[in-house]
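Just so it is clear, the values below take in all heavy atoms, side chains as well, and ignore hydrogens, waters and symmetry mates. So that the names make sense, note that chain A is the first sequence line, chain B the second, and so on, each numbered from 1.
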Protein chains: 2
Amino acid sequence: MELTNRKKKILRAIVEIYIATAEPVGSKAVAQQANLDISTATIRNEMADLTELGYLEQPHTSAGRVPSPVGYRLYVNELMGEHQLTMQETQRINEALNLKMEELDRVIDRAGKVLSQISDYPVFTMAAPKKRITVRRFDLLMVEENAFIAVVMTDNSIVKNKLIRMPDQLSDTQLQLLSTVLNSSFVGLTLEEMEQSLDQMETRSAPGAFQLISLVVQFAMEVLKEQSGQTVHTAGITHLLEHPEYHSLDKAKPLMNYLSDGQEGAKLPVTLSADQNMNILIGPENVNEALKDTSVVMASYDIGDNMRGVIGVVGPTRMDYAKVTARLSYFADSLTRMFGKGELPPGEDEE
Amino acid sequence: MELTNRKKKILRAIVEIYIATAEPVGSKAVAQQANLDISTATIRNEMADLTELGYLEQPHTSAGRVPSPVGYRLYVNELMGEHQLTMQETQRINEALNLKMEELDRVIDRAGKVLSQISDYPVFTMAAPKKRITVRRFDLLMVEENAFIAVVMTDNSIVKNKLIRMPDQLSDTQLQLLSTVLNSSFVGLTLEEMEQSLDQMETRSAPGAFQLISLVVQFAMEVLKEQSGQTVHTAGITHLLEHPEYHSLDKAKPLMNYLSDGQEGAKLPVTLSADQNMNILIGPENVNEALKDTSVVMASYDIGDNMRGVIGVVGPTRMDYAKVTARLSYFADSLTRMFGKGELPPGEDEE
DNA sequence: TTTAGCACTCCATATCCCTGAGTGCTAAAG
DNA sequence: CTTTAGCACTCAGGGATATGGAGTGCTAAA
């Protein structure tokens, strides 16, 4: 049995009706929506075929049909129309992203929240460097006789600082010297190399001086670690409750817990390979057990040349794929544009 | 009719049973728990009195009793025993807070998450300066000929930085000059004063120079604005679903939405006056409509001398007040201790 | 003042029935 | 061979109706 054109039209109609109503779709509803001039009986026959082929499922004998994951997959790959964003929608996205320049992390966080609001689904975000990052330079600023500010700039143009207090007093010249040592010995090193270098230095330096160096380098290492860590953030988890498939707490709780915990580790399916920039995982296509009944739509975006981020939407398999993909891709493009291409991201700033 | 000692004992028993079971409490259960040697009939009489006095409520004629807000209030004020934290609990709190020094915001965020985990309720956090803050000093670091880093340190020892790119090239001496102007004209000013000062300067400066100054001052103003804003964060909203009063989505959704939105504005009941450091609001004692059926337990803590934070737990009126207050106060004390007393908070660092 | 006893109330749960949407099959029509 | 009308059948969902049991309030005796 082959998949005729008419069968595809019927499948498409069923998916779209089901997305809109969240209830099993009967032959009558299909007859109305898809204006093929065809009787419900014929449609019933076709639906029986589609069920046999695995594109549809039947909750129980006398109910309508529901798309199977395979059915959604076909819909997404072939049948789904291009959804156009309205003027209001694009405008809203633009406004939301067009914030005063903020810290990178915050912009991404904010972006997640906004996307969640306009899509009505939970959203996760992540950003990771494409390669190992290193420190580009150190600066030390004297504050008072026993405190100074260490400023660390990485080669992906992130700048972090920290106020450091010391037990002993320190002169300007000493600070100068410290700065020279740091810049000559620890610039361009990865996290591991830094650790080694610090170990070696311990044996052949004066203890007092070493302690100071160590404080700053330790801070730099924390910065590198934080930057290379793929921390996943989530936003809008409570949106789940708006969708009927999560009206029962038994369904909602596990997923919500999973998404909340997701903030801890990089458990989310960030399997996005570098070349493709939009990816859809439907139901059982998700490797992770907790996501077996959900779909994930994700897109990647670039942050300058050295970092790449992922932003994704999580929802029931009955997700409005057309809308979500349209919004998500617009979003990812905006982010890429926003973070520019240059070596110095324009909104880079930094704590 | 007066509130005899026996009535108090019965009330206490009812509150505690209800906290444990979430179901209306009958005379039989009270007889078992409170070992007064008294028959259920007598207890029934006393319960009738307590109901008349307004301490108890009856969902329907043939059901047990439930504490009223007034009943909880009496319990919290007079009857509640001191809850002792177990070793494991204190240890868990200590571990969780004992992190590598992080940015202030993050420590607070993290603290909220931890408290939420150990209390099983949502938690909100907030930190605000006690007085208007100003910039203590500016530093400028040349990066390349058309970019520099601006470092701003406020008088509450927060340090923020930002990478600024310029259209034109700039020499070291020019940068030096810029730094001098900034430090002589904009140090010690509040947000509003800064704005005025900047306006005045516009008229009597060379346009090129003014543009540069403006860039940096604008950044400083953003920092001040951000620091003085009372941003409220929430954590662990999904914990609500674990409590039977929120098993119905009709109850859960409004509150969850309220708490999520809470991140936007300072809508939460941060009515904590400066002198008291623990505050409990029960049900209708909350002014806010969305919290009418919930209780809020909150405590304040100090961040150095210049800032004060609030951390609070939100839950159903049937909240385990003894446990929550014990944990919360331990938590607030730990935070106060952790952020020290000195002018420079020890873990201050900063983006 | 306390307590045993008892009739009464009323929620929760289970059971049953019924309705209606939807199916699959058959047989006739195109 | 495909389409369609007709029809019997299935089954989830939603009332309506019983039933059990926990709990009360009251009375009368201790």
Side-chain angles (χ1 to χ4, degrees), chain A residues 1-11 13-15 17-18 20-68 71 244-245 247-248, chain B residues 1-11 13-15 17-18 20-68 71 244-245 247-248:
Chain A
M1 184 169 17
E2 71 209 298
L3 205 54
T4 65
N5 219 19
R6 192 171 70 181
K7 282 193 173 56
K8 286 185 183 172
K9 273 195 184 161
I10 290 174
L11 177 58
I14 291 176
V15 170
I17 295 171
Y18 186 64
T21 65
E23 309 226 312
V25 182
S27 50
K28 206 166 134 199
V30 177
Q32 287 175 350
Q33 156 108 6
N35 42 0
L36 312 156
D37 281 327
I38 264 179
S39 79
T40 60
T42 312
I43 292 178
R44 273 203 293 286
N45 287 331
E46 296 284 56
M47 283 165 76
D49 290 354
L50 283 168
T51 306
E52 203 177 331
L53 288 167
Y55 295 109
L56 296 178
E57 282 168 358
Q58 212 167 5
H60 50 265
T61 330
S62 71
R65 300 303 208 290
V66 162
S68 74
E245 20 277 288
H247 277 8
S248 141
Chain B
M1 183 170 16
E2 71 210 298
L3 204 56
T4 66
N5 220 17
R6 192 171 70 182
K7 282 193 174 58
K8 286 186 183 172
K9 273 194 183 159
I10 291 175
L11 177 58
I14 291 176
V15 171
I17 295 171
Y18 186 63
T21 64
E23 309 227 313
V25 181
S27 49
K28 207 164 133 199
V30 177
Q32 288 176 348
Q33 155 110 6
N35 44 359
L36 312 156
D37 281 327
I38 263 179
S39 79
T40 60
T42 311
I43 292 178
R44 274 202 293 284
N45 287 331
E46 295 283 56
M47 284 165 74
D49 290 352
L50 283 167
T51 307
E52 204 178 329
L53 288 166
Y55 295 108
L56 295 178
E57 283 168 357
Q58 212 168 4
H60 51 265
T61 329
S62 72
R65 302 301 208 291
V66 163
S68 74
E245 20 277 285
H247 276 8
S248 140

Could you give me the CA-CA distance, side-chain angles and deciding distance for B/T4 and B/E46, then say whether side chain to side chain contact (heavy atoms under 4.5 Å, CB included) is met? CA-CA 10 Å; B/T4 66; B/E46 295 283 56; 4.3 Å; yes
Give the rounded distance in Å between these two atoms: CE of A/M47 and P of C/dC25. 14 Å
In the structure shown, which nucleotide is the Watson-Crick or G-U wobble counterpart of D/dA30, with both distances under 3.5 Å? C/dT1
G-U wobble or Watson-Crick pairing nucleotide for C/dC8 (cut-off 3.5 Å, both distances): D/dG23
Do B/L50 and B/L3 come close enough that some side-chain heavy atom pair is under 4.5 Å? yes
Under 3.5 Å donor-acceptor, B/T40 side chain and B/K28 backbone: no
A/E57 vs A/R65, salt bridge (charged side-chain N to carboxylate O under 4.0 Å, His left out): CA-CA, chis, key distance, verdict: CA-CA 6 Å; A/E57 282 168 358; A/R65 300 303 208 290; over 6 Å; no
Tell me what A/T40 touches on the nucleic acid: a base, only sugar-phosphate, or nothing, going by heavy atoms under 4.0 Å. nothing
If you check every side-chain atom of A/R65, which of D/dT4, D/dC26, C/dT23 has the closest atom? C/dT23
Exam field: side chain B/T42 to backbone B/I38, donor-acceptor pair closer than 3.5 Å: no
Rounded to the Å, how far apart are B/R44 CZ and D/dT27 P? 14 Å
Whole angstroms only, please: what is the CD1-P distance between A/I38 and D/dA5? 12 Å
To the nearest Å, give me how far apart CD (B/E23) and C1' (C/dC10) are. 16 Å
Could you tell me how far apart B/I17 (CD1) and D/dG23 (C1') are, to the nearest whole angstrom? 14 Å
Comparing B/P59 with B/N45, nearest DNA chain C nucleotide closer to 5' gives the residue B/N45
Measure from CG on A/L56 to P on C/dG22 and round the result to the nearest Å. 15 Å
Measure distances between side-chain N and O atoms of A/S62 and base N and O atoms of D/dT10, and say whether any donor-acceptor pair falls under 3.5 Å. yes
Classify the nucleic acid contact of A/T42 as base, sugar-phosphate or nothing, counting any heavy atom under 4.0 Å across all strands shown. base
Look through every strand shown and name the nucleotide pairing with C/dA29 as Watson-Crick or G-U wobble, where both distances are under 3.5 Å. D/dT2
Closest-nucleotide 5' rank along DNA chain C - winner of B/T61 and A/S27: B/T61
Atom-to-atom span, NE2 of A/H60 to P of C/dG22 - whole angstrom: 10 Å
What does B/A41 touch in the nucleic acid at a heavy-atom separation under 4.0 angstrom: a base, only the sugar-phosphate, or nothing? base
Tell me the interatomic distance from B/D37, atom CG, to C/dT3, atom P, rounded to whole angstroms. 9 Å
Against the side chain of A/R6, the closest entry in D/dT3, C/dC10, C/dT3 is D/dT3
